[in-house]
Amino acid sequence: SLFSPAMDTRGPLAPELPQLLHRSPQPCAWTPGARAGEKNVLSSTAAAQALATLIRPCYGPHGRQKLLVTATGETVCTGCATAILRALELEHPAAWLLREASHTQAESRGDGTAFVVLLAGALLEQAELLLRAGLPRAQLRGSYAAATTEVLATLPSLAVRSLGPLEDPFWALYSVMNTHTVTQTDFLTKLVAHACWAIRELDGTFKPERIGVCTLRGATLGDSCLLPGLVVAGKPCGQVTMVLRGARVALFACPFGPASSNAPATARLSSPEELNKFRKGSEQRIEKQVSQLADMGINVVVVWGEIDEKTLLRADRSGIMVIEAKSRREMVYLSEVLGTPLLSYLVPPLVPGKCLRVYGQELGESLAVVFEWDCPSSPALTLILRGATTEGLRGAEQAAYHGIDAYSQLCQDPRLLPGAGATEMALAKILSEKGRKLDGPEGPAFLAFAQALRSLPETLAQNAGLAVAGVMAEMYGAHQAGNFLIGVGEEGIMNVAQEQVWDTLMAKAQGLRVAADVVLQLVTVDEVVVAKKSPTQQQDLNSDSKKAKKCPSLVRKNSFGINK
Amino acid sequence: MAAVKTLNPKAEVARAQAALAVNISAARGLQDVLRTNLGPKGTMKMLVSGAGDIKLTKDGNVLLHEMQIQHPTASLIAKVATAQDDITGDGTTSNVLIIGELLKQADLYISEGLHPRIITEGFEAAKEKALQFLEQIKVSKEMDRQTLIDVARTSLHTKVHAELADVLTEAVVDSILAIKKQDEPIDLFMVEIMEMKHKSETDTSLIRGLVLDHGARHPDMKKRVEDAYILTCNVSLEYEKTEVNSGFFYKSAEEREKLVKAERKFIEDRVNKIIELKKKVCGDSNKGFVVINQKGIDPFSLDALAKEGIVALRRAKRRNMERLTLACGGVALNSLDDLNADCLGRAGLVYEYTLGEEKFTFIEKCNNPRSVTLLIKGPNKHTLTQIKDAIRDGLRAVKNAIDDGEILTLAGPSLESKRLLMRYSLFPRCEYFNSHIIFCFCEVNINSTVLAQNSGFDLQETLVKVQAEHAESGQLVGVDLNTGEPMVAAEAGIWDNYCVKKQLLHSCTVIATNILLVDEIMRAGMSSLKG
């Protein structure tokens, strides 16, 4: 017979065998795929929203601050979304993605991190509604992508102002900086605008790294000033600690003293006479080298390498100031600014770097050396920020960097968008008008996108302590009437052009794109599979926080290169 | 009581139907996990590794590798499916789905009392028929660029979203066409894949040349050189310690100074040789000269080279040395003794690109490069890995298409409808049981239905439409995922690899057969291995 008797009865499932798949939720259950997955998207929405709720109070010029106690016990008071997200220990992978998105924004544009988180949160919230209504995820993604393209295409048409090449950038930078500092925005913006203005070259190129920002505790923010020069970590070694007039600088990336060979070399001396002779000989050599320098008129030497005692003594006698640099990067930078090569032999350079004066300066706990130029023609500027508290200084420093970043973006693309939520409202209006006419899933998706955009001015109004519903209604009305310059101000709606609140087009466009990207990724995810945690993750977090900490006041910001 | 239990009371045993039920439910469980990820409209899965790295993917191969499957049957299936990927680079998800569906159909017959052996024989017969059918419908075409683009697009659309897939398709096909040589097997290693965490994912592009992930180490060296000679070498340009333990002795400061100089002499001679060559070939012209060295170059040598306007890169990766000569021409030198102008390669443009802390050197505009670089860009790490996996599969798909000679078969959705054709044509001719089983093989319309389901269309409706269209026209019909209507896949330019489908039919039949024939599962090994 073909039928085996053993096959007649069907026994139950063998319960003693282990679970089917590692961590996959009920693979045996015959739920249709779509339904089983839905839970996961919804949960990632929840994570994104939790994050958005956290960041929401910090958005905009009236945003509040948060007091963070980091894992290392450091207490930070900040309103900066990046810092807050960094301090959080996130568990949900969707939240990681969101944090990464906002970091990308921070790295490339410096501004708009809170915007990214809030917009992504709002978009996911709307996506959840659409998913619940039964829209398949693939279609949702497609129509969201279409809406994003539409938004990015419309955005440039809203740019009504642009910074002229000969215009004082004060008004353009003000609103960017106003979002970040607490007090004396006017004064600070004036300083930053002045610095940017001075550093910008005639052909329009702007090198943001030419403006250093340096914080110095004490006095008040009002005492901050612009130093026509540059501050480098390092210390004067010899007796000469300052050159006050006509400094001529040589840079050496080799030991300051007799050259040493790679192979072990030993002096072989057999008598006291030989020893004396040797000493004399080496002293002569040193003298010769140093006098060579002195003959060229070099009076400042910056060394990255060992400094020989005797050579130093000789240099002191010739009135040469010897500075020990702390990092090679600073040396390369100095060489660029001073226009003198970094030498690997102890010979005088053909063209020494020239500046007005060089002197040591105590900065907090560390020593620094200041290179100063004549005021108008200085190739580099340093913004010295003063303040009574570390927190205040940190805020001011952040704001200054944001201002410089914004200016460097404006040099590439001078277009400006109306700020204070006006752009978002205008976009929302255009989108919903388009969406109402569209068939298929794109229509609702456009409307959802518009709704998500509207949540941003709403947040602004909320943070400013206004009656949200009323303000939003007024604003909506104004925009419907075609006045797309209406935004949220301190006391209700305001005309953005009159109040001079502007955002750079580049930052806004990038922020929209980043937020949309992360949302497009998250809506297609139908399942999150998390492996067991391994101990390496802990280490990763630690190294992260170390990186974050390593930002002493002197280190020049190095993320500018990205702006290309 | 199983016999094993008397030998080892701790053994876990599942027998007969129980064993079968376990196996089948494992296979279907896996099928269920992967079914939403099939096709261009499939959803993604987010995988988080133990170390906290995120991967977003719908590539079956990646999923099966990363999911840490513990169930024995499921991992058996996963291994077969990933083996499919190793051989052909594609078809992993389909494989899992078809195995699951075969077992589901078999389950029906077994529950009616049919012996598994009969079913497996039927499977075997059905596979033969299917392969014959595959032979019939395969299309020989000349592998021109358009066809290859169609093939690559079909593969890539199932891995990443449409906009990105279109960008990648062109890049992948062009890269293969660039490195392809007449009558020689394609070496995919000649396509360098470089990542750059920068801008957006659609900025991914093909560089006809090479991208090195480091820059010149001297501030005075030019950042941009045009019309450059490239010297590829593996010669140390830095001081090296002697192998025997040696030292110097000196008596006076002058002697010491001399020693230091003599020590450098050896390296300086080498550097001077390069400089001489540069002077000879470039003369006073504007041409650039780039030295790319696998070994180190010390600051002094860099300095000397920089003074002559030579751009020098040190510590290049070994595999790049091979690619460099392919991309720019020239010979990689292991010693500078036979240095002459013939050893030099040429490149139209060499420039450095700085990205925060990282530096990249682009060597572009090479004449007829035999090695190219796919430069992946993306805003974050998981996007980069996703693109990397997709590109790998895309390259394989194109390579397969070329390797198969001129053979291709119709693509994805429509392959399944050919089984329908088979079903009608075979039914009257076969023996009763076998035909029944073949019938069930035919029922494996799974791919069409899942594709339709993933795109949000009604499953039954689409299936009926496709069947009707097929019966009417006799053509090979698939599902248009944008409209849910049937379409002729060939006209839409959806092509798939012959070898993938062939391999797919082989491996899924074999594994389904194996699983069906299991009548006992035992775990009676060392307890330490448990869980």
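Chain letters run A, B, ... following the sequence lines, proteins first, then strands; residues in each count from 1. Please read these numbers as outputs of a predicted model, since none were measured by experiment.
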Is it the case that atom NZ in B:K223 sees more than 12 heavy atoms from other parts of the structure closer than 6.0 Å? yes
For atom NZ of B:K359, is the number of surrounding heavy atoms from other residues, nucleotides or ligands below 6.0 Å larger than 12? yes
Looking at A:R513, A:R141, A:K280, which has the largest count of heavy-atom pairs under 4.5 Å with chain B? A:R141
Using a cut-off of under 4.5 Å for heavy-atom pairs, which of A:E100, A:R279, A:E283 has the most such pairs with chain B? A:E100
Name of the residue among B:M46, B:H161, B:M44 meeting side-chain contact (heavy atoms from CB on, under 4.5 Å) with A:T524: B:M44
ring-ring contact (aromatic ring centres under 6.0 Å, His included) filter on B:F360, not counting sequence neighbours, yields none
Region of A:A145 that comes under 4.5 Å of a non-hydrogen atom in chain B: side chain
For the residue pair A:L97 and B:L56, establish whether any side-chain heavy-atom pair is separated by less than 4.5 Å. yes
By salt bridge (charged side-chain N to carboxylate O under 4.0 Å, His left out), which residues pair with A:K288, not counting sequence neighbours? none
Applying a strict 4.5 Å limit to non-hydrogen atoms, the region of B:E163 in contact with chain A is side chain
For B:Q386 and A:Q521, which heavy atoms make the closest approach, and how far apart are they? OE1-NE2, 4.5 Å
